[in-house]
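Each remark here refers to the structure printed beneath this line.
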Amino acid sequence: MPPTPHRYRPDELEALRARYRAERDRRIRPEGTAQYRRAAGEFGYYAKDPYTAWIEREPVHDRVEVVVVGAGFGGLLTGARLRQAGVESIRMIDEAGDVGGTWYWNRYPGIHCDIEATVYMPLLEEVGYVPKWRYAPGEEIRQHCVAIAKQFDLYADTMFQTRVTELRWDEDAAEWHVQTDRGDSFRARYVVVGSGTLTQPKLPGIPGIETFRGHTFHTSRWDHGYDLSGKRVAVIGTGATGVQVIPSIAPEAGHLYVFQRTPSSVDVRGNRPTDPEWAASLEPGWQRERMENFLAVVTGGHVEQDLIDDGWTSTARLQRQMLTGTVDTSISAEEREYLDELADFRKMDEIRARVDEIVTDPATAEALKPWYRYMCKRPTFSDFYLQTFNRPNVTLVDTAGHGGITAMTETSLVVGDDEYEVDCVIFATGFEVGISGVISGTLPVYGRGGLPLLGHWRNGPRTLHGFYSHGFPNLFHLGSLQNAAAVNFVHVLQEQATHIAAVIGEAARRDVKWVEPSTEAEDRWIATIRETAPDNYKFLAECTPGYYNGEGKPRPVNNSFGPGPVVFHDLLRHWRSSGGLNEVLHEG
Ligand SMILES: NC(=O)C1=CN([C@@H]2O[C@H](COP(=O)(O)OP(=O)(O)OC[C@H]3O[C@@H](n4cnc5c(N)ncnc54)[C@H](OP(=O)(O)O)[C@@H]3O)[C@@H](O)[C@H]2O)C=CC1
């Protein structure tokens with residue numbers, strides 16, 4: 001039955017809006033993103049690799065066909081597709097000690113992927129694997145990354161524990177000169193740069209953080225050698241990571257203090273083992289069908305049947321029903337906005353009611369209720385998190401009224417007038433999100449005539465389809481950049497990898513000298529982005545602060561392709577099959 005759109009009286013709606021605004025204002029901090037510290041310099045300890053011993057090696061001076069910077073899913077998918085396109089010489093480079101990207105770094109207790117494994121874990125049919133659980137544990141995903149690397153023979157020429165420090169185009173040789181922090185200096189015809197999402201930990205700039213003398217680490221560098229039993233443990237942060245970690249360590253810790261600033265929305269999970277009969281019944285092409293179905297549903301498209309039918313898709317369907325169940329066609333932007341808001345309120349009411357159903361202490365329950373719109377923060381899913389606060393050895397410390405933890409001492413955390421003595425502090429405080437070294441400037445790139453890429457982009461990125469820029473031949477970007485993203489980011493990366501490999505494969509087949517869009521092609525794409533980019537500034541500006549909205553200061557310019565990923569992927573396929581390649585392949 002479609003939901004009734006007019007469930008709220010106007011005064012109720014206004015009261016909810018006012019509550020959201022008040023909670024947002026209470027939480028906002030004037031320093032914005034400057035409130036965080038990089039896990040570098042005196043905090044470098046927090047970014048050190050606890051999983052792989054350092055391996056000495058001699059610097060490399062040679063030449064390869066393709067360098068792929070980043071060995072997470074983006075890099076692995078690009079490597080796999082390049083192999084399928086017949087490219088033999090591929091070198092993947094990563095700062096980690098193995099492949100996996102975010103799944104290499106994040107190994108905290110309870111880690112899972114919150115997107116169904118059959119759509120999240122790529123190349124399942126190619127590797128011949130069916131995930132064991134509906135929502136896969138991190139280690140299963142990491143092992144799948146290893147399996148992809150082995151299947152496509154990507155280990156042969158990898159460089160781990162290595163950071164690329166410079167890319168410089170050599171005009172005469174028509175290839176890139178690559179330098180690394182291990183003294184490597186080599187050449188590559190093509191370079192593909194992954195965006196490095198969710199790998200660089202960030203820390204809150206709590207006054208006195210450097211004085212704490214107990215044990216401490218970040219969730220993405222978990223210290224499996226440290227025994228939590230009997231200890232007074234503090235977890236700072238209740239985002240998607242905190243929601244998974246907290247219930248997993250609560251039974252082990254002597255006492256667990258959960259320091260919360262903004263509560264997450266926590267919906268039902270319903271994880272279960274994969275049904276072997278279902279797995280045996282799968283026909284070739286099954287994964288693509290599921291991935292495309294999920295992508296269509298979560299981006300508001302129409303499908304005959306929702307094949308995944310979980311928390312992500314049901315919320316998307318609710319929003320769609322709100323629209324089609326009422327005015328069907330030609331509704332105005334204002335009506336759409338209004339119906340979206342109603343669907344959102346309804347969803348968040350369900351989320352808040354769930355807290356009351358599960359958490360027995362009324363004050364704790366009240367503090368765990370999120371007061372913001374559903375997509376202001378990443379939604380989370382757990383059948384154990386809220387229940388954890390009924391345990392006698394778990395205390396929720398609500399820091400919202402103080403904008404977070406006020407101070408740290410040698411032995412404690414301070415919130416207002418209250419001090420909490422602890423043995424161990426675990427930072428579940430997230431990552432520097434979505435910035436590749438190329439964009440942040442930590443990986444300088446010099447194109448034709450020594451032109452710095454960030455100079456070329458001084459007024460914002462300039463690309464064709466988000467992949468390449470004029471003046472920077474044979475250089476490809478992977479990730480969120482003038483294209484269309486979605487919650488299943490691995491699907492987006494898979495389409496990008498397929499496209500890049502198709503372009504490089506064709507360039508190799510035709511033996512062209514370089515791949516490069518014209519300035520006009522860049523201009524056309526930028527115009528398309530400007531015309532279509534959804535105006536989500538108002539939505540984000542009204543959201544509670546977080547990394548989605550630059551801690552309450554969203555960027556006024558949206559650089560994404562408005563019609564969304566389904567249309568973008570079609571556009572790429574059409575471009576490739578209708579002569580688009582001739583636009584970027586040059587004989588020299
Ligand atoms: N696919 C999956 O299953 C998973 C995906 N992820 C991805 O990783 C992303 C990052 O998640 P996560 O690691 O949880 O990081 P987040 O950035 O989402 O959360 C950081 C947490 O730290 C809190 N915090 C920061 N500073 C302070 C402070 N000074 N005092 C108290 N609390 C503070 C934040 O509070 P506040 O909200 O108030 O800022 C927030 O609760 C997710 O959005 C998701 O994309 C993570 C886990 C699982």
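Source: prediction; values computed, not measured. Both ligands and their constituent atoms are indexed starting at 1 by order of listing.
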Contact check: Arg29 vs ligand 1, nitrogen or oxygen atoms, below 3.5 angstrom: no
Spacing of Glu95 atom CD and Gln200 atom CD [to the nearest 0.5 Å]: 7.0 Å
Plane angle bin for Trp278 and Trp286 - parallel if under 30°, tilted between 30 and 60°, otherwise perpendicular: perpendicular
Ion pair check, Arg17 and Glu542, cut-off under 4.0 Å: no
Side chain, backbone, both or neither: the part of Gln244 lying under 4.0 Å from ligand 1 by heavy atom: side chain
Close approach of Tyr36 to ligand 1, heavy atoms, under 4.0 angstrom: yes
Atoms of ligand 1, numbered as shown, that sit under 4.0 Å from any heavy atom of Cys113: 1 (N), 3 (O)
Residues Phe389, Tyr385; criterion ring pair (Phe, Tyr, Trp, His ring centres under 6.0 Å); working and verdict: CA-CA 8 Å; Phe389 295 94; Tyr385 177 73; 5.1 Å; yes
Heavy atom of Ile115, distance to ligand 1 below 4.0 Å: no
Parallel, tilted or perpendicular: ring planes of Trp105 versus Tyr51, cut at 30 and 60 degrees: tilted
Cation-pi, Phe431 ring and Lys202 (6.0 angstrom, 45 degrees): no
Polar proximity ligand 1 side, Thr238 side, N/O cut 3.5 Å exclusive: yes
Minimum non-hydrogen distance to atom 45 (O) of ligand 1, winning option of Phe489, Tyr547, Phe431: Tyr547
Contact (N/O only, under 3.5 Å) between Gln35 and ligand 1: no
With sequence neighbours excluded, residues passing ring-ring contact (aromatic ring centres under 6.0 Å, His included) with Tyr135: none
Region of Tyr372 engaging ligand 1 - heavy atom pairs below 4.0 Å: neither
Qualifying salt bridge (Lys or Arg N to Asp or Glu O under 4.0 Å) pairs with a residue from residues 400-414, counting only residues at least two apart or across chains: none
Atoms of ligand 1, numbered as shown, that sit under 4.0 Å from any heavy atom of Arg27: 36 (P), 38 (O), 39 (O)
Those atoms of ligand 1 less than 4.0 Å from some heavy atom in Ile405: 30 (N)
Closest to atom 20 (C) of ligand 1 (judged by heavy-atom distance), picking from Ala428, Cys376, Gly138: Ala428
Lys377 neighbourhood, listing ligand 1 atoms whose heavy-atom distance to it stays under 4.0 Å: 36 (P), 37 (O), 39 (O)
Asp417 atom CG: more than 12 heavy-atom contacts under 6.0 Å: no
Option with minimal heavy-atom separation from atom 4 (C) of ligand 1, where the choices are Thr241, Asp114, Val258: Asp114
Plane angle bin for Trp222 and Tyr108 - parallel if under 30°, tilted between 30 and 60°, otherwise perpendicular: tilted
Per-atom contacts, ligand 1 versus Ile236 - under 4.0 Å to a heavy atom: 31 (C), 32 (N)
Arg142 and Glu139 ion-paired at < 4.0 Å: yes
Numbered atoms of ligand 1 (with element) below 4.0 Å of Gly237, judged on heavy atoms: 21 (C), 22 (O), 23 (C), 41 (O)
Ala240 and ligand 1 - part of the residue with a heavy-atom distance under 4.0 Å: both
CA sep, side-chain torsions, deciding dist, call: Tyr420, Tyr257, ring pair (Phe, Tyr, Trp, His ring centres under 6.0 Å): CA-CA 8 Å; Tyr420 301 85; Tyr257 294 95; 5.5 Å; yes
Close approach of Tyr108 to ligand 1, heavy atoms, under 4.0 angstrom: yes
Test item, Gln260 contacting ligand 1 (heavy atom, 4.0 angstrom): no
